[in-house]
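If you're wondering where the values come from, they're calculated on a predicted model, not measured in any experiment. Every chain is numbered from 1, with letters handed out A, B, ... down the list of sequences.
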2 protein chains.
Amino acid sequence: MLSKSAEYALRATIYIALKGSEDNKLGIDEIATAIDSPQYFTAKILQLLTKNNGVVSSVRGPNGGFYLTDAARKLPVRAVLEAVGEDGIITKCVLGLKECSESRPCPMHEQYRYIKAQLRQMFEKTSIQDLANESGKGKIVINNRQIKTK
Amino acid sequence: MLSKSAEYALRATIYIALKGSEDNKLGIDEIATAIDSPQYFTAKILQLLTKNNGVVSSVRGPNGGFYLTDAARKLPVRAVLEAVGEDGIITKCVLGLKECSESRPCPMHEQYRYIKAQLRQMFEKTSIQDLANESGKGKIVINNRQIKTK
DNA sequence: TTGAAAAAAGATAAATTAGTCTTTATTTAT
DNA sequence: ATAAATAAAGACTAATTTATCTTTTTTCAA
Ligand code: FES
Ligand code: FES
């Protein structure tokens, strides 16, 4: 469905939105641990997210780390996908034809168009903050570990 | 969205369903040309499709080639995806968590579940023959070439 | 103004996917 | 029986994606 890069990008962004703020910046080690992702690889992905679309903000040095601005929180989830170059899921043909259009549809186009429209809706109408809010709720998780029963 | 293997598998299967039959078997070169796919790679994929799920049938030797049995034509499109090991699209979590379930949902699960259900519907309720029929219609295409204006 | 803490950048490695080529086995027709 | 046609199988290469490690730059605080 999505690439590993995109998956980590989404999980990392959600985690930063949930736990981070301008005066509580999060380190890469904390983030990678929290979302069960390979640390160095995640660092690369966060670099993309800071460079593209201004999804994530960062500062170096002591007390540095990653956080999201208020503006970034309002961005659609699609912005995250775009930042890692993975929005093909809502633009391309299911059968891999070079173009997906009404004028030159593949045999699945008619059926897939509705699903694609819903995928687009989901990624465009949902904001990063929306996901963070969702994530704050009881049983919602962004990693593979056992739920803490404490 | 799907891997190249899955895309070629679907296009090839549709083409064989459309143009082939038990007494008009199609050669790999014709198929690959017809669907704009790399010939040798497509051959490998057709091997998978003959081995798994009985999606395509083949015979070697002169007048050999690929075709679909009547039973195969009735198979759901999902059978093609399974045959190439690519049905994750309707089973996995969008965020890449190891399991996708109501009891341990990710922040996108609630929204995605509906879309996933529709994807599953599409791949399970649509048969290979359905796609071939669709493909027989006027403007429907399974390659990237210009429509023949003759 | 120096040292340490952090991310950025760059270089490399490993794994997976995509693609090609060669050889073998099977089938048909002569 | 033999030759030719064809897919199957296997070996290999190339490209891309995923992952790790090292060095550099920036920033803060002592
Ligand atoms: S042309 Fe294939 S999905 Fe639109
Ligand atoms: S848990 Fe992520 S989509 Fe179901």
Would you mind reading off the distance between [X] atom [atom1] and [N] atom [atom2], rounded to a whole angstrom?
X        : N       : atom1 : atom2 : answer
Glu30(A) : dA5(C)  : CD    : C1'   : 15 Å
Glu7(B)  : dT17(C) : CD    : P     : 14 Å
Ile16(A) : dA6(C)  : CD1   : P     : 15 Å
Tyr67(A) : dA7(C)  : OH    : C1'   : 13 Å

For this session: Indicate, with a heavy-atom threshold strictly under 4.0 Å, whether Ile28(B) touches base, sugar-phosphate, or nothing.
Result: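 Sugar-phosphate contact only.
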For this session: Mind checking Leu26(A) for me? I need base, sugar-phosphate or nothing, with any heavy atom below 4.0 Å counting as a touch.
Result: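 Contact class for Leu26(A): sugar-phosphate only.
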For this session: Name the closest nucleotide to the Lys51(A) side chain, picking from dA18(C), dA9(C), dA8(C).
Result: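 Of all the options, the side chain of Lys51(A) is nearest to dA9(C).
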Exercise. Atom CD in Glu86(B), atom CD in Glu7(B): separation rounded to 0.5 Å?
Worked result: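 Glu86(B) atom CD to Glu7(B) atom CD measures 9.0 Å (nearest 0.5 Å).
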Problem set entry | CD-NZ distance between Gln118(B) and Lys116(A), expressed to the nearest 0.5 angstrom |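 If I round to the nearest 0.5 Å, the distance is 15.0 Å.
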Please output the side-chain donor-acceptor pairs of residues 45-52 of chain A that fall under 3.5 Å, not counting sequence neighbours, one pair per line with the distance.
{"from": "Thr50(A)", "atom 1": "OG1", "to": "Leu46(A)", "atom 2": "O", "distance (Å)": "3.4"}
{"from": "Thr50(A)", "atom 1": "OG1", "to": "Gln47(A)", "atom 2": "O", "distance (Å)": "2.7"}

Problem set entry | DNA chain C: 5'-proximal contact among Tyr8(B) and Phe66(A) (nearest heavy atom) |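 The residue mapped nearer the 5' terminus is Phe66(A).
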Exercise. Mapping Gly64(A) and Gln47(A) to their closest nucleotides on DNA chain C, which lands nearer the 5' end?
Worked result: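 Closest to the 5' end, via its nearest nucleotide, is Gly64(A).
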With the side chain counted from C-beta on, respond yes when [X] and [Y] share a heavy-atom pair under 4.5 Å apart, and no when they do not.
X         : Y         : answer
Tyr67(B)  : Ser21(B)  : no
Met108(B) : Phe123(A) : yes
Ile28(A)  : Tyr40(A)  : no
Ser5(B)   : Phe41(B)  : yes

Exercise. Looking only at side-chain N and O atoms, does Ser58(A) come under 4.0 Å of OP1 or OP2 in dA8(C)?
Worked result: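 The answer is yes; a side-chain N or O of Ser58(A) sits under 4.0 Å from OP1 or OP2.
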Problem set entry | Base versus backbone protein contacts along nucleotides 20-30 of chain C [heavy-atom cut-off under 4.0 Å; B, S, -] | BBB--BBBBS-
For this session: Take Thr33(A) and Glu30(A), measure what side chain to side chain contact (heavy atoms under 4.5 Å, CB included) needs, and give me the verdict at the end.
Result: CA-CA 5 Å; Thr33(A) 300; Glu30(A) 172 182 352; 5.9 Å; no
Problem set entry | 5' to 3' contact window, DNA chain D with chain B (heavy-atom distance under 4.0 Å) |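 Nucleotide range with atoms under 4.0 Å of chain B: dA4(D) to dA11(D).
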For this session: May I have the step-by-step check of side chain to side chain contact (heavy atoms under 4.5 Å, CB included) for Arg73(B) and Ser127(B), ending in yes or no?
Result: CA-CA 7 Å; Arg73(B) 289 169 184 275; Ser127(B) 72; over 6 Å; no
